[in-house]
Amino acid sequence: MTTETTETSDRPVGDRPTDDRPTTNGPTEELRFRSRGLTALQKNPLTAQSMGKRLPQLVRKAFGLAWRVDRRAVVALLACQLLSGAAEAFGLLATTGTITALLTSGRITGRLLDAAPSLCVLAGAAGLRALLGIAVTSISTRLSPRISREAEMQMLDAAIDAELVAYDSPGFNDRREAADRGAEATQSLLTEAQDLTSCVASLVAAAGVVTVLHPVLLPLLVLSTLPQGIAGVRGARVHYLTSRSLSADRRVLGMMRWNVTHRDHADQLRSCTMAPFLLGRYRAIGDRIDEATDRAVHQSTRYALLGAAAGGIASGLVWTMLALLLATGHMSVASAGTAVFALRTVGSSLRGMVGYGTRLFRTGLYLDDWAEFIDEAGGHRMRRGGQVPEAPLEVRAEALTYCYPGAGHPALEKVDLTVRRGEILALVGENGSGKTTLSKLLTGLYLPTDGCVTWDGAETGDLDAYAMWRQTAVVPQDFAHWPLSARENITLGQPHESHHESHDERVLRAAAHAGADDVVAGLRSGLDTLLAREWFGGVDLSGGQWQRIAIARAFYRPAGLLVMDEPTSALDARAEHRIFTGLRKVARDRAVVLVTHRLANVAVADRIVVLDGGRVVQEGTFGELTRSPGLFQELWRLQNDRGTDG
């Protein structure tokens, strides 16, 4: 796992420094990140007015996402809501007729017969609303996970279509994780939106009845629920701002949990006795999260108490007004009875609108994270040409300059080189000289800041990116251990068959060139063996075995440009010899770029380019460079000097 941004702070994250531990005089850098969206939100606080404007937008967004998933289900859902509101109104109106019939003089049987039609309407309306409620719940439950998956797919598409340089931009990965939470939150978006819609439908029905009974009751009832609504909005704002401000700390905790518990670090954690230090750092960050959470809970609780108190006083005014209307004869007993039911419905609907609206608003804030990331990733979206390249005969860099985002100086500057099909070009130099960056530019993973990289005369920015990458094969320093079968780890799910050999024959041929055929032969099920012991009960490989699998997947691809970055760092001498023997065979119909620190290995190269500080300082064959004074000769001498003289 990696983190990409730091923020300076005047206090350390972990335990306080002690006398026997070195300290720094300047500010301590922490793995934290301040979101641009959070900063904007703090400058423009959430209010009841903003909530009133935003809720309709969120409802449209919820039903819009649902519309993309299943249009007929959305139509059915809206129809159910409308019918439920109509049934509510008819039921309330029938209440007046029922009460009037029951309160008239006469025998009880006669009064019951007079009330029977209204009772039937009441029962039918209640039954219909119950059935419609079941239908709404069923439709919402079916649509919710699909909406979340649609949001996840949009997020994944945005991330995949972004230029690789986006991952080098400060905060991009942090916002991607926030967007992931937002996509997950969309699962409750439709449920909350339809709950709010249901409350609105009930409110409209009941409010219409209340207004008919006496117009003065409705504004008083709205006033009684307004304080709770304001309190709910403020509470939602507090919880959201706290959650966003702590997102970086939670991410650091996740990174630390991974480092403390992962098998790759288990031996170092013990042999270096790092557990007390890391656990102390973990507790310190956890305490900071707990303190911020406690403050948020206390603040939102105060808002809730104030809102409940103000709402209680306003509700008392509503019932006092109803009593006065009844006492002064401005309302009949039957109408008052209906008003009681209607007021309960209106009050319940308004409280539901406040509750569901607050929840929907808070969900909408997380949805903003999702939308913000999609917009940001869209800003990094690959906007390249549509030219489809063939396997290149020549890859050339001319006056190539590249500067990483936020870097003070370029990683590469004015680099010129050429690699042709059938040729092995080696890139050597000290750490940080720009070798890996140059290899990514040659394959089009990065686009130049200045100058150009061309494939057979066409600039990489003018080529269709995915068509270009289908003509490349890369063995990076940190290669993926895919939790797939051995066959799929080599083919990457992209089988290539020919008339001369079967699919598996081609896989085994690539494995043989990479020295991975022995690895496959030793697996319990050969190519069908699952290479994921810690996840799915498969088997695991050693570092050197994994490296041979990674090289085999590059040899398997029918690519015109092959880039190998430190391809034998984990291999023994015998395995390394097999790799370079196979490399010469593979290079017959490819342009090969070899990046390595082991200078003895570059003897296989046709030409060697020496980089220093992002510039080309030497170029020639192995024999020429070992005989000529310069950086290569110096590194060659140092690499062969093990201090054994004298």
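Sequential numbering from 1 along the given sequence is applied to the chain's residues.
Although no hydrogens or angles enter the test, the distance criterion places a donor-acceptor pair under 3.5 Å between the side chain of Ser439 and the main chain of Thr436. Between the Trp370 side chain and the Asp180 main chain, no donor and acceptor come within less than 3.5 Å of each other. Within the 3.5 Å criterion, the main-chain N or O of Ser569 finds a donor-acceptor partner in the side chain of Arg598. In this structure, the side chain of Glu566 does not engage the main chain of Pro476 through any donor-acceptor pair within 3.5 Å. In this structure a side-chain-to-backbone donor-acceptor pair under 3.5 Å is missing from Asp450 to Thr401. With hydrogens and angles disregarded, no donor-acceptor distance shorter than 3.5 Å links the side chain of Glu372 to the backbone of Leu367. Lys440 places no side-chain N or O within donor-acceptor distance of the main-chain N or O of Lys435, the cut-off being under 3.5 Å. Within the 3.5 Å criterion, the main-chain N or O of Ala391 finds a donor-acceptor partner in the side chain of Arg421. For Thr568 (side chain) and Glu576 (main-chain N/O), no donor-acceptor pair under 3.5 Å exists by modelled atom type. A donor-acceptor pair is defined here as one N or O able to donate and one able to accept, closer than 3.5 Å; no such pair exists between the side chain of Trp67 and the backbone of Ala62.
Taking the side chain as every heavy atom from C-beta outward, Pro448 and Val453 approach each other to under 4.5 Å. Leu531 has its side chain out of reach of Leu484: every pair of non-hydrogen atoms, C-beta onward, lies at least 4.5 Å apart. Taking 4.5 Å as the limit, some side-chain heavy atom of Met256 sits within range of a side-chain heavy atom of Ile285.
Residues that satisfy the ring-ring contact (aromatic ring centres under 6.0 Å, His included) test with Phe63, not counting sequence neighbours, are absent from this structure. Legend: residues meeting side chain to side chain contact (heavy atoms under 4.5 Å, CB included) with Val520, ordered by chain and number and at least two apart, are Leu508, Leu527. When the side chain to side chain contact (heavy atoms under 4.5 Å, CB included) test is applied to Thr581, the partners found at least two apart in sequence or on another chain are His577. Judged as a side chain to side chain contact (heavy atoms under 4.5 Å, CB included), and not counting sequence neighbours, the contacts of Asp518 are Arg578. Annotation: side chain to side chain contact (heavy atoms under 4.5 Å, CB included) contacts of Gln545 (sequence neighbours excluded): Val519, Leu541, Ser542, Arg548.
Residues Thr418 and Arg396 have side chains that bring a donor and an acceptor to within less than 3.5 angstrom of each other. Counting only N and O atoms by type, the side chains of Asp565 and Gln477 include a donor and acceptor under 3.5 Å apart. No side-chain donor from either of Glu488 and Thr491 sits under 3.5 Å from a side-chain acceptor of the other. Defined by atom type and a distance below 3.5 Å, a donor-acceptor pair is missing between the side-chain atoms of His481 and Asn489. Between the side chains of Gln387 and Asp464, no donor N or O sits under 3.5 Å from an acceptor N or O.
Note: Trp469 CH2 to Thr460 OG1 = 10.0 Å, rounded to the nearest 0.5 Å. Lys61 contributes atom NZ, which lies 11.5 Å from atom CD1 of Ile147 (distance to the nearest 0.5 angstrom). Annotation: the span from Leu562 atom CG to Leu594 atom CG amounts to 9.0 Å, rounded to 0.5 Å.
Checked for salt-bridge contact, Arg149 and Glu184 miss the test: no charged N lies under 4.0 Å from a carboxylate O.
Within the structure, every pair that satisfies the salt bridge (charged side-chain N to carboxylate O under 4.0 Å, His left out) test and touches residues 600-618, not counting sequence neighbours, is listed here: Glu413-Arg615, Glu423-Arg607, Arg584-Asp606, Arg607-Glu619.
Below 30°, between 30° and 60°, or above 60°: for Phe632 and Trp636 the angle between ring planes is below 30°, a parallel geometry. Between Tyr446 and Tyr404, the ring planes lie perpendicular to each other; the angle is over 60°, past the 30° to 60° tilted range.
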### Query
Taking it one step at a time, do Asp528 and Arg487 satisfy salt bridge (charged side-chain N to carboxylate O under 4.0 Å, His left out)?
CA-CA 6 Å; Asp528 294 315; Arg487 180 186 293 101; 2.6 Å; yes
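Closest approach of Leu447 to Glu163, counting heavy atoms only: CD1-OE2, 3.8 Å.
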